[in-house]
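Keep in mind that what you see is a predicted model, and the values were worked out from it rather than measured.
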Amino acid sequence: MTTLATTGRVQVLGVPGDRYEEVLTPEALDFIGRLDAAFAARRFDLLTERRRRSALLRGGTPLDFPRATMSIRQDPDWRVARPAPGLTDRRVEITGPPERSTAVNALNSGAQVWMADFEDATSPTWENIVQGQLNLIDAIDRRIDFTTTSGKEYRLTDRPATIMVRPRGWHLTEKHLVIDERPVPAALVDFGLYFFHCAQRQIDAGSGPYFSLPKLENRYEARLWNDVFLLAQDLLDIPRGTIRATVLIETITAAFEMEEILYELREHSAGLDAGRWDYLFSLIKNFAHRPDFVLPDRATVTMTAPFLRACTELLVRTCHRRGAHAIGGMAAQIPGGEPAAREAALAKVRLDKEREAEDGFDGSLVAHPGLVPVCRTVFDGVLGDRPHQLERTRDDVHVTAEDLVAVRCTAGRPTSQGVRDNIAVALRYYDAWLRGQGAVALNGLMEDAATAEIARVQIWQWLKHRAVDRETVLGLLDEELAVLGATYPWARLDQVRDLFERTALGRELPAFFTTEAYARHLLGRPAVRA
């Protein structure tokens, strides 16, 4: 990789493309450089703390609600900011990568909010990152309409969904933008480019710069984001509190600090969102060394499991107590195929959304436009003309630290089919991700990186505790690689095998497959130090 452009301290290593200069302007790169100068060191320290805390959990240190912040939890008076324009009614939200046709379909879907996902639903190729930012600019400027070579038209409606951008997590870097040979934190790149180009555009359109924050593990990481927001607003002369952010509760440690996370972000908070697969992935990852945390087949661990119910009910209670929206988990079904299969998928989604609406959630998330009507119907039935149900404070909910980690009633051994399914899903997703696709249709579901993460950590956990033997896993790996190669002749089988062996079969369990895959395969050998 060679330097293709330099602006101040920021070097652009990525290959130029059509209209890239509209995103990578000297002013935008300088803005990112100023954010990096202010916060890169703190980010590094927080990631170091993540590793330290993970080691403590592996060593048997119990998780509990922090004693140091008891006064925040016990104070009945503080509240988050009032809902911002376009975020008052959030009964249906849709998520997907900021790819052009996906963006138009999501914005036209009838959902109130579209979460443009640079994190789990985007494979972070340079083209995907820069083109995604261009698509967001074009969507706001209503220049995103286009016609495919086959004649299919994509046209934005008069009332598109409110845009909410999900930047990559703190653990990731963007190796195409470097400062002093050090890659810039990917979170600051995704946030910075969108905020610099689109914040004022959104304000002028009657909306605002809204974000969804992934993978937060504690209040300190929320505080870092809040400080990023403060500086960014000051640098561009945008009033403080204009930014709003919803935090995904998708790590087990964050579940113990929900109130503290809201408190740190309170002038910028738009609520909390209940993660699903990522939450389960985090729990397994942090307790993978403990035999009492071995879970059965992925498909059998549903949101009705007591420890997951404890998390979602605590989330609703926490949010509504502080005047914040509580958004339910994502439904990933793809409502296509034969009528019977379609109706079965919709029935499953309907049951899931009914549970969330009855529990007090103010809205929920879907991954496909075809799920918007069923989700809307369910929440319409509970909310009626109300934009939310913040008045339901759920004072009946009492969740203990033990409840959030009480997996014993869900524990069990995997089946041979469950082992095969995890291997097959991980391999197929890895292959798609390495080819630049982050949202992948697999077995009737729209899957993202979270699915592959939980699939591979379960394999590691099952091997660790001898719930399945290594010879069986290696045999199934060979079989599923052969199927993958026969189905997709272009599949990168050697890279996929290497990635699976490194992230699911090694002595140690990597924190994320994406960091390994990004440096080793998506870019080739990194040209700059991590």
Side-chain angles (χ1 to χ4, degrees), residues 97 99 117 119-129 168 171-173 175 277-278 281 284-285 288 297-299 332 334 414 416-464 468-526 530:
E99 183 271 333
D117 187 5
E119 168 81 353
D120 280 352
T122 294
S123 173
T125 65
W126 182 235
E127 179 182 10
N128 284 346
I129 296 303
R168 283 169 284 177
H171 60 291
L172 297 167
T173 58
K175 294 179 183 289
W277 288 132
D278 262 317
F281 157 57
I284 295 173
K285 179 174 64 175
D297 294 354
R298 176 170 52 96
I334 300 174
S416 59
Q417 188 60 48
V419 177
R420 181 184 292 277
D421 287 345
N422 275 3
I423 293 172
V425 163
L427 296 181
R428 282 156 178 75
Y429 188 84
Y430 283 4
D431 175 62
W433 195 92
L434 292 173
R435 288 185 286 105
Q437 185 179 358
V440 185
L442 296 172
N443 303 321
L445 300 172
M446 186 58 70
E447 305 286 23
D448 61 19
T451 304
E453 291 286 25
I454 189 174
R456 62 102 183 172
V457 297
Q458 276 204 304
I459 294 295
W460 192 94
Q461 182 190 46
W462 292 338
L463 286 170
K464 169 73 176 178
V468 61
D469 64 83
R470 193 174 185 86
E471 290 71 23
T472 297
V473 170
L474 291 175
L476 292 173
L477 174 61
D478 288 337
E479 292 177 16
E480 291 303 321
L481 279 169
V483 172
L484 178 62
T487 307
Y488 303 107
W490 55 83
R492 305 176 181 184
L493 299 184
D494 289 344
Q495 292 185 15
V496 170
R497 174 186 281 276
D498 176 74
L499 184 57
F500 186 83
E501 289 176 347
R502 287 176 175 276
T503 59
L505 305 183
R507 180 181 297 273
E508 297 299 327
L509 179 62
F512 298 96
F513 92 80
T514 48
T515 52
E516 178 78 17
Y518 182 64
R520 191 170 184 83
H521 294 303
L522 200 65
L523 300 176
R525 294 284 182 178

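- Residues that satisfy the side-chain hydrogen bond (donor to acceptor under 3.5 Å, both in side chains) test with Q437, not counting sequence neighbours, are absent from this structure.
- Shown here for L463 and V468, the closest heavy-atom pair between the two residues is CD2-O, 3.7 Å.
- Looking at D297 and Q417, their side chains never come closer than 4.5 Å, going by heavy atoms from C-beta outward.
- More than 12 heavy-atom neighbours from other residues, nucleotides or ligands sit within 6.0 angstrom of CG on D469.
- Of all non-hydrogen atoms in G506 and W460, the two that sit nearest each other are O-NE1, 2.9 Å.
- Taking CH2 of W277 as the reference point, atom CG of L445 lies at 9.0 Å (rounded to 0.5 Å).
- By the 4.5 Å heavy-atom criterion applied to side chains, L505 and R497 are not counted as neighbours.
- With a 4.5 Å cut-off on side-chain heavy atoms, T451 and R298 count as touching.
- A pairwise comparison of heavy atoms in A426 and A455 identifies CB-CB, 4.3 Å as the closest pair.
- Here the CG-CG distance, from L477 to L427, works out to 6.0 Å after rounding to the nearest 0.5 Å.
- In terms of heavy atoms, L476 sits closest to S416 at CD1-O, 4.4 Å.
- Shortest non-hydrogen contact noted between R456 and A504 is O-CB, 3.7 Å.
- Relative orientation of the F513 and Y429 rings is perpendicular, given thresholds of 30° and 60° on the angle between their planes.
- Residues E119 and R168 come closest through the heavy atom pair OE1-CA, 3.0 Å.
- Rounding to the nearest 0.5 Å gives a distance of 5.5 Å between CG of L484 and CG of L493.
- Between D498 and R520, some side-chain heavy-atom pair lies under the 4.5 Å cut-off.
- Applying the 6.0 Å contact sphere to CD of E127 captures no more than 12 heavy atoms from other residues, nucleotides or ligands.
- For the pair D278 and K285, the salt-bridge criterion is not met [side-chain N within less than 4.0 Å of a carboxylate O].
- Summarising the geometry, atom OG1 belonging to T122 is positioned 6.5 Å from atom CG belonging to N128; distances are rounded to the nearest 0.5 Å.
- Distance CD/E99 to CG/D117: 13.5 Å, rounded to 0.5 Å.
- You'll find the side chain of R428 reaches within 4.5 Å of the side chain of V483, heavy atoms only.
- A side-chain donor-acceptor contact under 3.5 Å links R492 to the backbone of L434.
- Inter-residue side-chain proximity for F500 and I423 is flagged as met; some heavy-atom pair is nearer than 4.5 Å.
- The shortest side-chain heavy-atom distance between D431 and V440 does not fall under the 4.5 Å cut-off.
- With a 4.5 Å cut-off on side-chain heavy atoms, W433 and T514 count as touching.
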Practice task
For L172 and F512, run side-chain contact (heavy atoms from CB on, under 4.5 Å): C-alpha distance rounded to whole Å, both residues' side-chain angles, the deciding distance at 0.1 Å, then the answer.
Solution key: CA-CA 10 Å; L172 297 167; F512 298 96; 5.9 Å; no
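- To the nearest 0.5 Å, the span separating OG1 on T503 from CD on E453 amounts to 7.5 Å.
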